[in-house]
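The structure appears below as C-alpha cells.
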Amino acid sequence: MADSALRPRWIEILPADAVNRIAAGEVIERPAAAVKELVENSIDAGARQIDIRIEGGGLTRLCVEDDGCGMVADELGLALERHATSKLKPDAQGRIDLLNIHSLGFRGEALASIAAVSRLTLTSRVSGANAAEINAQAGRLEGPRPAAFTGKGESGTRVDVRDLFHATPARLKFMKSERSENLAITDAVRRLAMAEAAIGFTLEMDGRTVLRVPAETDDANGRLRRLAQILGRTFCDNAIEIAAVRDGVALSGFAGLPTYSRGNAQMQFLFVNGRPVKDRLMTGVVRAAYQDFLARDRHPVIALFLDLDCESVDVNVHPAKTEVRFQDAATIRGLMIGALRHGLAEAGHRASTTVAGFALGRARPEGAPTAPLFGHAAPYRPAQSVYAPRAPQFETETSAPLMPGTRVELDTPSDAQSFPLGAARAQLHETYIIAETEDGLIIVDQHAAHERLVYERMKAQLARRGVERQPLLIPDIVELSEEDAGRVLQYTDDLAALGLEIEAFGIGAICVRATPSLFGEMDTRGLLQDLADDFAEYDAGLSLSERFEEVMGNMACRSSVRAGRRLNAVEMNALLREMEATPHSGQCNHGRPTYVELKRADIERLFGRRG
Ligand code: ADP
Ligand code: MG
C-alpha cells in the first residue's frame, strides 16, 4: 500500500530559479566568495586597477569596478546566464578542453549565481562605445539600456551587488558577524592582490580604506614590494628569494627567515598559475623545509608561486576553485622542499636560530627520550644541598665575566657532581652550560631553562598574590592590524592579571603601560603580535586561564631572558640546582628540552670506542 505522506507522488523538474538558487549556494557561500569571483573576473578582463567597495559585511552592498576590456551591451544578458562564459572555446571537433584553462574563471557560474540571490546591476563599456547596464533581481533581468558610466579607463566594468542572500533567507541566517565577513573579504582580496602585483587594488569597507596598493612592476622586485605591503613592511628585509625550475614546473616567491616567524600558519600562501589556493601540500612542505630551523609551534611567513603546464594541474576540483590537484604531487613537493632548503642554507648567516639537533639526535642512545632526567611529576630535591636553590642573577653584572665563546675551567665544589644535573664546568657561546655528572655530561640550554624557571615562578606568584608588574617609564605604542589589535584587547583584563597592562590607542594600536617584572625588558611588539596570532587561531572561545601556558610561553619568548648572558660559576650552579627543584624543568615552554644528557657510554659510542 502506497503511503502518500512518505513517498512523493511524482518526480518533477525544479523551476529554473530554484535550480539557480541551489547552485548559487555552492559557488557563493558567503560574501567573500562573491567578492573573490568578481575580482577574478576583473583580472581575467585584463584590468590594471580594481576598486572594491563593501557595506555591511558585503550583505548590504558589494561593488567591484575595473578598467578591463568591458562587455558590449548585447553580452550583458549572456554574462548573467548560467554556464555562459567567454573563457572556454570549443576546438575543431566542438569539444571543450577542461584541462587547458588559462583564466581564473571558466565555469560561467559566478555572475548567474550572484544574480540569483541578490539585486545586481552590471554596467560595462568597451573602448569606443557607450556604456550599457542590465539589472537582475532575484534572477529576473531588466535591460540592457544605455548607462552613464565612465570608469577609470577607456573601457571597464562595474558589478554592483545589493542585498546578497535576501532571496535565500536560510543562508542569510547562517552568516557570521559583519566583522567576520569583513575579515574573510579582506583575506580574499589580499590573496588576489598578492597574486597580481601588476594590478592596483583598493578595498573600502563602510567608507574606510582597508587596503590600497598601487600597481607594481611585473618582476620579482615588484612582487616583493607587493608582498611587503600585505604581509608587513619588514618582510622585505627578512625574506629570501626562492627560484627553481624542474621538469617544466617553475617555482618562485619569497620565504621568511626562520627568525621572522609567527605563532600560526596563517601567513603561508601558495599560488598555482596565479590562482590563490589552499592546499595541504604547503603545510607539509614548509614543515619539512624548516624543521631544523624552527620550533614546532613557530611558522614562517611565506608566499610561493608555482607555474606549470595547465595540463598537469586540475583546477576543476571544487566550485570555489581554491583546491587544485597535481598530476605529480611528489615531484612538486620535492621541488618546493629542495628550493626552500637551498634558500635557507644560503641565508644561513642571516638566520639566528638554527637548531642543529642532528648530531645530538644520533648521539642519543636508541629509544632514549630527549628530555627529563627525573620525570615531570615530582621535582627532585637534593637530600642535603650545599647551595640553597636561589634565583639565578641574570640581570646583574657578573663579577668575573667569561670571555665570550671560550671554554673556561670553573672552580666548582667537588661534591656538586653528584647532583642530577652535575657541576657546571663551562659556558659556551653565552648560551650553553656544560656540566659534569658522575657518569656523563649535561648540556643545558640556559635560555630555555631560564624560561621554564621564570614560568614556574610566575605560576607560583599568580597562585599567591598576583603577578608583579613593572610600569614602563614611557609607555610603548604598538601598531598592529585592526583585527589583531581587537583580538588582543578583548583580553585586556585577563592580561592585566598576568602583569601585562594594555589599553586601546586609536585604531589598530595598543598602548603597553606595564609588563610582568619577572621577564625583565620585553619586546612588546613581538609579544602582542604573537598573542594576536594565537588568539586568531581559535577565534575566541577559550578563556585566558585556559591559555595561561600559551600566553606565558609567548612572554618568555619575547623577554630579555632570550638574550645572551654571561654567567659565572655560582650563577650557573644556582641555575642547575633550581632546575632540579622545579617541576617540569626538563623542557621549555615550547616542548623543547632544556637540557640534553650524554652518558659516558654515549660519548664512547660517538668516538667509536663502543659498538
Ligand atoms: P566565468 O568567469 O567562469 O566565465 P562568470 O559568470 O564569472 O563566469 O562571468 C561570465 C562572463 O562574463 C565571463 O566569461 C566574461 O566574458 C564576462 N565578464 C564577467 N565579468 C567581467 C568583467 N569584469 N569584465 C569583462 N567581462 C566580464
Ligand atoms: Mg568568473
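Positions are given from 1, in the same order as the sequence printed here. Counting starts at 1 for both ligands and their atoms, following the listed order. This one's a predicted model, so the numbers in the text were calculated from it and none came from an experiment.
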Using a strict cut-off of less than 4.0 Å between a Lys/Arg side-chain nitrogen and an Asp/Glu carboxylate oxygen, indicate whether [X] and [Y] qualify as a salt bridge.
X: Arg53; Y: Asp206; value: no
X: Glu216; Y: Arg223; value: no
X: Arg487; Y: Asp484; value: yes
X: Glu40; Y: Lys36; value: yes

Could you list which atoms of ligand 1 come closer than 4.0 Å to a heavy atom of [X]?
X: Glu109; result: 6 (O), 8 (O)
X: Thr157; result: 22 (C), 23 (N), 24 (N), 25 (C)
X: Thr85; result: 1 (P), 4 (O), 14 (O)

inquiry  = As a check for students: among Arg82, Met71, Arg158, identify the option with a heavy atom nearest to atom 27 (C) of ligand 1.
reply    =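 It is Met71 whose heavy atom sits nearest to atom 27 (C) of ligand 1.
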inquiry  = Can you tell me which residue among Thr157, Asp66, Asp67 is in a side-chain hydrogen bond (donor to acceptor under 3.5 Å, both in side chains) with Ser42?
reply    =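 Filter result, single survivor: Asp66.
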Does an N or O anywhere in [X] fall below 3.5 Å from an N or O of ligand 1?
X: Leu111; result: yes
X: Ala110; result: yes
X: Asp66; result: yes

key: Partner of Met336 under side-chain contact (heavy atoms from CB on, under 4.5 Å), chosen from Leu251, Val286, Val249   =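 Going through Leu251, Val286, Val249 one by one, the side-chain contact (heavy atoms from CB on, under 4.5 Å) with Met336 is satisfied by Leu251 alone.
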request  = Please confirm if an N, O or S atom belonging to Thr85, backbone or side chain, lies less than 2.8 Å from the Mg ion (ligand 2).
outcome  =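 No N, O or S atom of Thr85 is closer than 2.8 Å to the Mg ion (ligand 2), so no.
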